[in-house]
Amino acid sequence: MRLKRDFFIQSTLKVAQDFLGKLLVRKYQNKLIAGIITETEAYIGPKDKAAHSYKNRFTKRNIAEYFLGGFCYIYLVYGMHWQFNITTSLANKPECVLIRGVLPISEKNFLLNGPGKLCRYFNLDGSFFGEDLVFSKRIWLEDSKIKFKKSEIKRTPRIGIDYAGKYWSKIKWRFVVEKI
DNA sequence: GTACAGATTGAG
DNA sequence: TCAATCTGTACT
């Protein structure tokens, strides 16, 4: 069952946790690529110093962050890696969830850990900027029967944002499934 | 216009 | 430990 708009417009921290166990599906050259989401991070601007939308920063690159929940916010970091985010909450609330890890369902014992690797595997690039996951024919999310227990989900600080200061770099907004 | 650093990764 | 390499931001 494909996830609809009402799922994405819930609070960002809830969506970030609920993404774990959901299926990311990509249609590429008439084939389906799918994986179970195992790692996410929440970014809640404009108060979040680690978010691109901190203090309501608004540029051509991060404009999608202000969209209604359920859209793709994808951008290039370090000049070479794409980061795949999904917007949450309502329009003009710059909140999103970064998808950091996925378990491909077709290949066993192979975990895509890291947002850059994930985008390469799913063939995601800038052309998905602003794509609507509720209606898109080439990328969407589906519910699955997989439900992780609370004891299997670990909360940790987010990765790679030490610049955000003591408070924001330590807050536990990263959600990881420990055993798969 | 120039300088700089970042939500990363893989090689050495 | 470090380079690869694009883009927005904060300067001159």
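So you know, we letter chains A, B, ... as the sequences are listed, proteins then strands, and number each from 1. We use all heavy atoms of the structure for the numbers below, so side chains are in, but hydrogens, waters and symmetry mates are not.
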> Of all the nucleotides listed (B/dT8, C/dT9, C/dT7), which has the minimum atom distance to the side chain of A/Thr59?
Replying inline: C/dT9
> Within less than 4.0 Å of OP1 or OP2 of B/dT9, is there a side-chain N or O belonging to A/Arg120?
Replying inline: no
> What integer distance in Å separates A/Leu118:CG from B/dT9:C1'?
Replying inline: 14 Å
>> Tell me the interatomic distance from A/Tyr54, atom OH, to B/dA5, atom P, rounded to whole angstroms.
In response: 19 Å
>> Does this structure show an ion pair linking A/Arg5 with A/Asp132, if we count only N-O contacts that are shorter than 4.0 Å?
In response: yes
> Distance between the P atoms of C/dT12 and B/dA5, in whole angstroms?
Replying inline: 16 Å
>> Rounded to whole Å, how long is the line connecting atom CD1 of A/Ile161 with atom C1' of B/dG6?
In response: 12 Å
>> What contact category does A/Arg174 fall into here, base, sugar-phosphate, or nothing, at under 4.0 angstrom with non-hydrogen atoms?
In response: nothing
> Out of A/Glu95, A/Gln17, A/Lys93, which residue meets the side chain to side chain donor-acceptor pair (under 3.5 Å) rule with A/Thr12?
Replying inline: A/Glu95
>> What's A/Asn62 touching, base or sugar-phosphate or nothing? Going by heavy atoms closer than 4.0 Å.
In response: nothing
>> Rounding to an integer number of angstrom, what distance separates B/dG10 and C/dT7 when you compare their C1' atoms?
In response: 23 Å
> Whole-Å distance between B/dG6 P and A/Arg61 CZ?
Replying inline: 12 Å
> How many Å lie between OH on A/Tyr75 and C1' on B/dA5, as a whole number?
Replying inline: 14 Å
> Side chain of A/Met80: nearest nucleotide among B/dT8, B/dG10, C/dA4?
Replying inline: C/dA4
> Under 6.0 Å between the ring centres of A/Phe7 and A/Phe19?
Replying inline: yes
>> Measuring from the side chain of A/Lys117 (C-beta onward, heavy atoms only), which nucleotide among B/dT8, C/dC6, B/dG10 has the closest atom?
In response: B/dG10
>> Rounded to whole Å, how long is the line connecting atom NZ of A/Lys49 with atom P of B/dA5?
In response: 16 Å
> Taking CZ from A/Arg158 and C1' from B/dT8, how many angstroms apart are they, rounded to a whole number?
Replying inline: 17 Å
>> Counting C-beta onward and ignoring hydrogens, is there a side-chain heavy-atom pair between A/Ile36 and A/Ser144 closer than 4.5 Å?
In response: no
> Say you pick atom P in C/dT5 and the same atom in B/dG12; how far apart are they, in whole Å?
Replying inline: 15 Å
> In whole angstroms, how far is the P atom of C/dA3 from the NE2 atom of A/His81?
Replying inline: 15 Å
> Looking for any heavy atom pair under 4.0 Å, which part of the strands does A/Leu98 touch: base, sugar-phosphate only, or nothing?
Replying inline: base
> Which listed nucleotide (C/dT9, B/dG6, B/dT9) is nearest to the side chain of A/Arg57?
Replying inline: C/dT9
>> Under 6.0 Å between ring centres: does that hold for A/Phe71 and A/Tyr73?
In response: no
>> Checking base pairs now: Watson-Crick or wobble, both atom distances under 3.5 Å. What partners C/dT5?
In response: none
